[in-house]
Amino acid sequence: MIVADRKQIPELRDMIKDFDRVLLVGCGTCVTVCLSGGEREVGIIGSALRMSLKLIGRGDTVVDECTIERQCDDAFIDALAERVQEYDAVISFGCGVGVQALAERFPKTPMFPGLNTQFMGLLESQGVWAEKCAGCGRCRLGEFMGLCPIARCSKQIFNGPCGGSHDGKCEVNDDINCVWQEIIDRARELGMLDKLEELAQPQDWSTYRDGGPRKVVREDQCIAGMGPDAEEGVQ
Amino acid sequence: MKNDTIVLALCCHYCAYAAADMAGSMRLQYPPNIRVLRMPCTGKIEENYVLSAFEYGVDGVMVAGCLEGGCHYLEGNLRARKRIERVKGILEEIGLEPERVEMFNLSSAEGPRFAEISTEMCERIGKLGPSPLRADRSRLKAGIEELQAEADAVLEGEKR
């Protein structure tokens with residue numbers, strides 16, 4: 001799941017200072033589950049934003065709310081198409097993908113982010129989410145007992161632990177578990193400690209962001225004239 | 001100076017609402033600024049419910065739930081306390097005094113305590129003065145009725 005948290009009300013208020021009618025759009029998927037951008041949270045922020053505007057003498061600004069099932073899918077964005085025309089600007093409470101999906105779909109409407117998108121992660125305990133995947137493009141979880149040293153080790157080292165590991169915690173912060181301690185504990189449980197004797201090779205980072213923005217292409221799924229090989233303007 | 005502020009008392013059906021009833025039976029005095037709304041449990045009170053009240057223009061909100069450990073639904077009042085803390089944070093963020101909302105705990109037998117916290121809250125809000133978000137009185141009245149209707153719908157559902 002993509003994990004995000006909300007921006008502060010004054011920041012949102014400043015974003016929309018030039019607009020009179022603003023629509024807040026929530027997303028019913030990841031950000032609903034991580035309690036940042038679903039229907040309830042958008043309701044709370046909408047109410048707070050209206051009051052905040054009124055307190056600075058801009059009470060006539062219209063701030064309405066709605067939530068769609070999923071912002072990262074054009075089929076669901078369709079439901080918004082008519083409504084968006086009635087507003088000067090939109091604040092999307094989807095993740096960064098959702099904001100950009102709406103921006104692409106509505107080129108004439110100024111689009112703003114309501115959330116700070118954080119990472120791909122999991123619920124650790126009620127109200128606590130932890131990063132689990134960095135989306136490096138070359139998954140090596142099989143080498144590390146199913147625990148990722150890229151997303152979960154502060155130094156991203158492949159042959160750990162480092163000297164900063166103490167009592168199962170990371171030297172950066174005691175709130176961070178040393179993932180290398182966890183990898184070794186799990187290998188011991190699985191009777192696979194010998195696998196960690198092998199030297200882990202350096203990562204080929206060309207599949208990560210270092211290679212520029214990425215795309216996944218499935219040729220067999222591409223529609224004729226619309227794939228990456230299509231001539232410009234053929235669509 | 002005349003204190004014409006309105007304090008909404010969101011009272012749990014199992015404790016504070018009965019305590020308010022008892023305060024009445026005991027002929028106890030408390031300020032007329034209080035508007036009592038009956039809730040199925042303070043755990044039912046979401047943040048946006050309280051924020052709506054401020055949007056409608058009430059000057060203060062007191063949430064009154066059961067004693068900790070005594071919730072009919074086990075932990076509704078504990079959840080409410082956390083939510084009220086969050087509402088305080090949001091009020092502060094937008095520039096409204098967080099003291100305008102407060103959570104209290106009391107049992108159904110504590111009529112005098114209800115009168116006491118009502119008085120305390122009304123005095124506090126009186127000192128802070130009217131909310132800068134105050135709407136005209138008819139809108140405020142309609143808003144309070146709407147909030148009660150929302151709570152009643154839940155209470156009705158519970159009876160079925």
Side-chain angles (χ1 to χ4, degrees), chain A residues 4-17 22-28 31-67 91 93 113-116 123 125-129, chain B residues 6 8 10 43-61 63 74-76 78-101 125 128-136 139-140 142-144 146-147 150-151 154:
Chain A
D5 60 2
R6 75 174 178 93
K7 286 185 180 288
Q8 297 284 296
I9 302 295
E11 185 180 349
L12 297 176
R13 195 183 58 204
D14 288 346
M15 279 179 187
I16 57 165
K17 64 179 188 301
V22 180
L23 182 64
L24 313 186
V25 182
C27 177
V31 292
T32 293
V33 182
C34 71
L35 309 177
S36 53
E39 189 173 0
R40 188 173 59 173
E41 293 303 311
V42 171
I44 291 169
I45 292 164
S47 191
L49 192 55
R50 278 189 294 274
M51 287 194 277
S52 171
L53 286 161
K54 195 167 178 188
L55 287 171
I56 60 163
R58 287 195 49 213
D60 51 350
T61 307
V62 175
V63 175
D64 291 335
E65 305 127 27
C66 72
T67 298
I91 301 181
F93 287 83
L115 303 178
N116 292 317
L123 185 74
S125 61
Q126 187 63 31
V128 181
W129 291 266
Chain B
I6 298 291
L8 210 54
L10 307 180
K44 183 64 196 159
I45 302 168
E46 301 272 2
E47 289 95 329
N48 52 356
Y49 191 80
V50 180
L51 291 173
S52 299
F54 283 107
E55 243 192 298
Y56 286 132
V58 301
D59 305 298
V61 175
V63 177
L74 305 178
E75 54 186 35
L78 306 180
R79 286 167 190 260
R81 180 167 290 282
K82 284 188 174 179
R83 290 184 189 145
I84 296 310
E85 283 306 314
R86 186 165 178 231
V87 170
K88 279 176 177 280
I90 292 172
L91 292 186
E92 200 164 14
E93 218 175 294
I94 65 173
L96 204 62
E97 300 91 344
E99 300 81 26
R100 287 187 184 274
V101 59
I125 301 301
L128 289 171
S131 162
L133 296 162
R134 185 188 274 198
D136 60 80
R139 180 164 177 250
L140 174 60
I144 293 175
E146 208 164 295
L147 289 169
E150 210 177 299
V154 179

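Order of the sequence lines fixes the chain letters, A, B, ..., with proteins taken first and strands second; residue numbering starts at 1 for each chain.
- The contact between B/F54 and chain A is made by backbone and side chain atoms together, counting heavy-atom distances below 4.5 Å.
- Closest of all the heavy-atom pairs between A/L55 and B/P132 is CD2-CG, 3.4 Å.
- Residues B/E46 and A/I44 fail the side-chain proximity criterion, which asks for heavy atoms closer than 4.5 Å.
- Between A/S47 and B/S52, the shortest heavy-atom distance links the atoms OG-N, 4.0 Å.
- Every residue meeting the salt bridge (charged side-chain N to carboxylate O under 4.0 Å, His left out) condition with A/E11, not counting sequence neighbours, appears here in chain and number order: A/K7.
- Within residues 36-43 of chain A, the residues having any heavy atom closer than 4.5 Å to a heavy atom of chain B are A/R40, A/E41, A/G43, listed by residue number.
- Of all non-hydrogen atoms in B/I94 and A/A48, the two that sit nearest each other are CG2-O, 3.5 Å.
- Chain A is approached within less than 4.5 Å, heavy atom to heavy atom, by no residue from residues 78-85 of chain B.
- Taking CD1 of B/I90 as the reference point, atom CD of A/Q8 lies at 9.5 Å (rounded to 0.5 Å).
- Looking at residues two or more places apart in sequence or on another chain, you find a salt bridge (charged side-chain N to carboxylate O under 4.0 Å, His left out) between B/K88 and B/E102.
- Salt bridge absent: B/E93 and A/R13 never bring a charged side-chain N and a carboxylate O closer than 4.0 Å.
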